[in-house]
> 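The structure follows.
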Amino acid sequence: MIGSLVSTGASTVTEFISQNIFGLDDPNWFMYLLCGVIAAVLVLHVIAVGALFFIWAERKIAGRIQDRLGPTRVGGKFGWLQTLADGVKLIAKEDFIPRDADAPLFKIAPYIAFAASFAAFLALPFADGAVAHHVNTAVFFVLAVLGLEVFGVILAGYASGSKWSLFGAMREAAQVVSYEVPLGMCVVIPVFVAGTMNLTTIGEMQAGWFNNWLVFHDPFTFIAAIVYFTCATASVNRAPFDLAEAESELVAGFHTEYSGLRWSFFFMAEYGSMFLVSALASILFFGGWHPPIPIDIWILEAFADPDLVAAGPLKDAVPSLVTFLVMLIGIATLVAKSVIGVVVMMWVRWTFPRLRIDQVMATCLKYCVPIAAVCFVGSMTWETLDLPSMNTINRYEIHEDWSEDLAVSTVGEDGVDPEWPEDENDDESSEVMDGEEAPIEEDSVAVQNGLSLQEGE
Amino acid sequence: MGILAAVNRVYWHEFFFMLFAGISVVFAVCVLLTQNIVRMAFYLVLSLGSTAGLFFLAGAEFVGAMQLMIYVGGTLVLLIFGVMLTAQQRYVKMNTHPTDWVLATIVGGSLLVLLIGAAAGVDSWKDASASKKALAELDVDDARTATPLGLALTGVRVDKLDSDDPALANGQSGYLLPFIIVSVHLLVVLIGAAYMARTKRSATAPVGRAERARLNIMQMEHETDDVVYSASKQSSSSLLDSDQSQAEESTDEAQE
Amino acid sequence: MFGLEITPVIAAITVSHYLIVGAILFVIGAVCMATKRNALGILMGIELVLNGANINFIAFGSPYLRDDNLGLDGQLISLFVIVLAAAEAAVALAIALNFYNNHNTIDIDRADELKG
Amino acid sequence: MSTKVDDPRVIEFDVRTDEMLINMGPQHPSTHGVLRLILRTDGEIVSEVEPHLGYLHRCAEKIGENLTPRQWVPYTDRMDYLAGMNMNLGWALVVEKLLEHDLPEKARHLRVIISEMGRIASHLVGMGAYGLDLGTFSPFLYAFREREKILDLFEKACGARLTYSYLTPGGATGDLPPGWVDECRDFLAQFKPCIPEFHELLTNNQIFIGRTAGIGVMSAATAINYGCTGPVLRGSGVPYDLRFNGEERYTEMYEGYQFDVIVQDPETGKYPDPHLEEFGDDLDYPEIPKEAILGDCWHRFYVRMLEVVQAIRLVEQALDKYESASGDWGQPIKLTQKLPKGEAYLETEAPRGQMGFYLVSTGDSIPWRVRARSSCFCNLSVTSELCRGTLLADVPAIVGSLDVVMGEIDR
């Protein structure tokens, strides 16, 4: 039960700590609590420190784009500590509630937005094994929880008692609800190419050279990646889709009446979400925590014990310190890729004018949804017909070091897995697709296939 | 180390169960008691969200995520409707008659007693040893139900492959037909809802729209004292061609 | 000495516990449906009722609680419930909107036009 | 009970919603100063807009009736504070008209240089701030970067950056300092390549076109009926520029200059070809997008952009003429110069349109009546006509395209 709830990702760490520091064979509740807290604090820092960095970066990037310097004073030449100074200012600011506001909802709204953004990080793997909570349906979970952020915005807009805020909230609601459709469709494409909703598995599949990234799987995934990024920009409410806080029309939209620390919580949530959708894009399309050049594989191969290589996955054949090192490289890679995504969002923000609400809706319904649907069907056809792909996904390599049981293999779908003859697989899958009864004579294959799927997923 | 060893990890289940169940029930009661629609919807979100926590706890990860996404996300729409339909008179209250409360409490209480009696009445449901045993044999794989669920919806039950029942062991008896029925049902429902939400596009609204607008404006004028509007100042005579084309364009936008 | 001899404050969670939570949510939802005059409030009551039922399905299908559990069937049925609840909410909201368009309120007690 | 809304611009919705009255301003990010717009909205759709003025009223005209004409020059600076030079010019010309004072040749060219530079500076603000209205921040800073260079030149000429009081009745307060002409040429040389950048960032940008093309369409008849002038009028296709059509006392200032009135040719549907040889071929001007309708926000914006080019042309010609001209920069009239009995009215083409000053004198050195006819006041009055039935986000776009300055409206 703990495994599925508290912190499976940390459970290896938990065992490590309890065995080496406290000398316990079986980790007890205190260890789990400790490791849960550690995981929570680490994730919190991704958002809090991330927001500090991104706000600074946004100013610096905006400054450079606009032919000026940006912050230069606080914290030395580059103004590193500008955000911190701002934070101090925001904390010291008077935190008032308008007379017409619905006070309880007004107070709680920023925390809802922040908590949603924070909770979505729960299931986001930063590298193989570096995940706060290993959710098997991580993609789904992240999208679902991220979608809850809009609650905070709507409550803020409603509870402020200001018409501008209400406008912002309504725009945000319409926008986010609409953009979840193409966003979900784009996310499903890598999911069925990989055959799993498990982000760790999807990430591990794309190990190796950059042509293994799912964005290069077929032309449709390539388009889907672009559509995903567009829709993600819209769903986290960034320019040119930042209608909820359109300052030229709505003063400041949903946070018109907010000030001080509560206001800054909205911003932490926004920057957290930006990082999150970028990280999700990296994992789903851009190779996750694997560098474009397989440095991590080379390191593993260099340290691998030749006797163990044949027995199982590469990671089991190397000293744990090397695994840890590779994990750190992976985390750095993923963070770098996500930062690139965030920087692109900033670049777009400081370049383009804002769209109008009907144009935002038209972009979603007239362009993003049909394109995503076509990509969905096209990519599915590509996968079903087994057309040539730039990817050489070797699914044998996939394993997750959070569970020993899964170290064997993950089974591919139609014909990708060389273990089974292609024709049998195709027969099986086509029959499944047609909804007909599986022939009894192929029972054994069905059993094998089904069990393996259940096992490896 | 006695204490540490004593508190077995199994108790996390109890802890989180009580936490989620408590939040869920408390906020459900809040939904019942509050009269403000938006707050009601907000409490419902919390209640449904912690129910999703219960689902995670019971090992139904996919259903839990689904609950978050669809149920809680659907409540979002409720919330918006709440705001929209009450924006004219904020914090609208519709008080229930005390008799209704008494009656509802009596009936509801009886039902509750009955249901709890039934829930606690079956011995095998209360068998803690089973759950302890299941927890002791905890295997993370058991929670990995997304693929079996998906296959079941396409008609193949991979989890029944080792069943004793030969009919089930073929991996048949999936949920393909219900799945298709539900899909068609959803489609029909969405089309129907979209159709129903449209009123007849009429210039003759049943309850005078202009009258309401006028009343609103009078009220607003009272609030912003220096605003002077005459509600019936519309001149269609001075329309120019370009303005008409603009109006048509705006109509298109509105239809979108 | 502080070990397992202490009687646990909380008994191990069984199916019954889940059922009781489900029952409470169900009853609250039913009372909500009965007492609210607001159309959206009634809709929320329905959601609570369906949710209470869902908890039962999940509990019976949970491998953690019983050996002879429903397995995937429990989860599948609750999936269908969720989907149908979404469909039901869409229709109900459309009705509420239509009602509001015609009566300028969402107080269902005003829906008394068929009264003789 | 049933009612019918007659105005087809007010849209009947399928879903019945309630109307809201919203105050946009006077403290609102995109109302260009202290303009207050009261919007009657139905959701996102604006059914009525009513501008409220007077938050910046400073009794400038009344003050003018208590000061001598030269003393009142600084007050004209504060009317259209983004184009103070052009305001100075208008007042100087009308006083000179009353005095029947003629300028030396050099002073005439100096005035062309200064007022056209002022036009560039003013249009740069209009352009940058319009980007701001549409939610893009960067063009604003690019525009201000260039404007700052013009202000540097003005500062060298007269010592002030905003309220110049440089062109006064009788000429200017001083000659251009040595080397100024070359600096001005340098500025123009480096400014010309910036124009395509602006076109790329805004005029050609697909989102910009989507936000402006077909929005706030004003027919020529509406523009004339409301008394719109300047780029707003020319954006609707009316070829009216006071530098051509104005009084002789004003148009003779531009005698011998080559420039075009920026207005769409009704036959070819094109603007005067800005591909002038002196600009080289690297200037890439955008085609008029298909969505754009004559008289919409895009056209008003584009007219301003092209007028900047024409102003550069004028300045370049004027610099040459200034260097070779005879005479001096013109001596300002005495502070207590007696005005002849009578009245005078003259209109000039300020960046935002026709700026008229009216002066009645009883023979004293202090005018009996001073009146300013500002362009923005008339341009703004068309707002409620243009905004009816648009979306909320179009209101800043339309108001921004009219490019109003509240100082000039309220005076």
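Lettering of chains follows the sequences in order, A, B, ..., and the numbering in each one begins at 1.
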> Does atom CZ (A:Phe222) have a neighbourhood of more than 12 heavy atoms from anything else shown, all under 6.0 Å?
no

> How close do D:Asn205 and A:Pro353 get, heavy atom to heavy atom, and via which atoms?
ND2-CD, 3.7 Å

> D:Arg211 side chain to A:Arg354 main-chain N or O, any donor-acceptor pair under 3.5 Å?
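Checked: pair present.
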
> Show your reasoning for whether side-chain contact (heavy atoms from CB on, under 4.5 Å) applies to D:Thr136 and A:Trp350.
CA-CA 6 Å; D:Thr136 174; A:Trp350 295 107; over 6 Å; no

> Closest approach of A:Gln359 and D:Gly210, non-hydrogen atoms and distance?
NE2-O, 2.7 Å

> Sort by residue number and list every member of residues 142-155 of chain D having a non-hydrogen atom under 4.5 Å from chain A.
D:Tyr142, D:Arg145

> What I'd like to find out is whether the side chain of D:Leu392 reaches to under 4.5 Å of the side chain of A:Arg171, using heavy atoms alone.
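In short, these two side chains touch, coming nearer than 4.5 Å.
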
> Hey, are the side chains of D:Met24 and A:Trp164 touching, using non-hydrogen atoms and a 4.5 Å cut-off?
yes

> Hey, could you give me the CG/CZ distance between D:Leu201 and A:Phe352, rounded to the nearest 0.5 Å?
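One gets 9.0 Å once the value is rounded to the nearest 0.5 Å.
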
> Can you tell me if D:Ser138 uses its side chain to pair, donor with acceptor, with the backbone of A:Thr351 under 3.5 Å?
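Not a single qualifying donor-acceptor pair exists.
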
> Please give me the minimum heavy-atom distance between A:Gln66 and D:Leu141, naming the atom from each residue.
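Taking A:Gln66 first and D:Leu141 second, the nearest heavy atoms are OE1-CD1, 2.8 Å.
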
> Above 12 or not: heavy atoms from other molecules or residues under 6.0 Å from CZ of A:Arg73?
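It does not: A:Arg73 CZ has 12 such atoms or fewer within range.
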
> Counting heavy-atom pairs under 4.5 Å to chain A, which of D:Leu132, D:Ile22, D:Val395 comes out on top?
D:Ile22

> Below 4.5 Å from any heavy atom of chain D, which atoms of A:Ile357 appear? Answer side chain, backbone, both or neither.
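Just the side chain, heavy atoms under 4.5 Å.
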
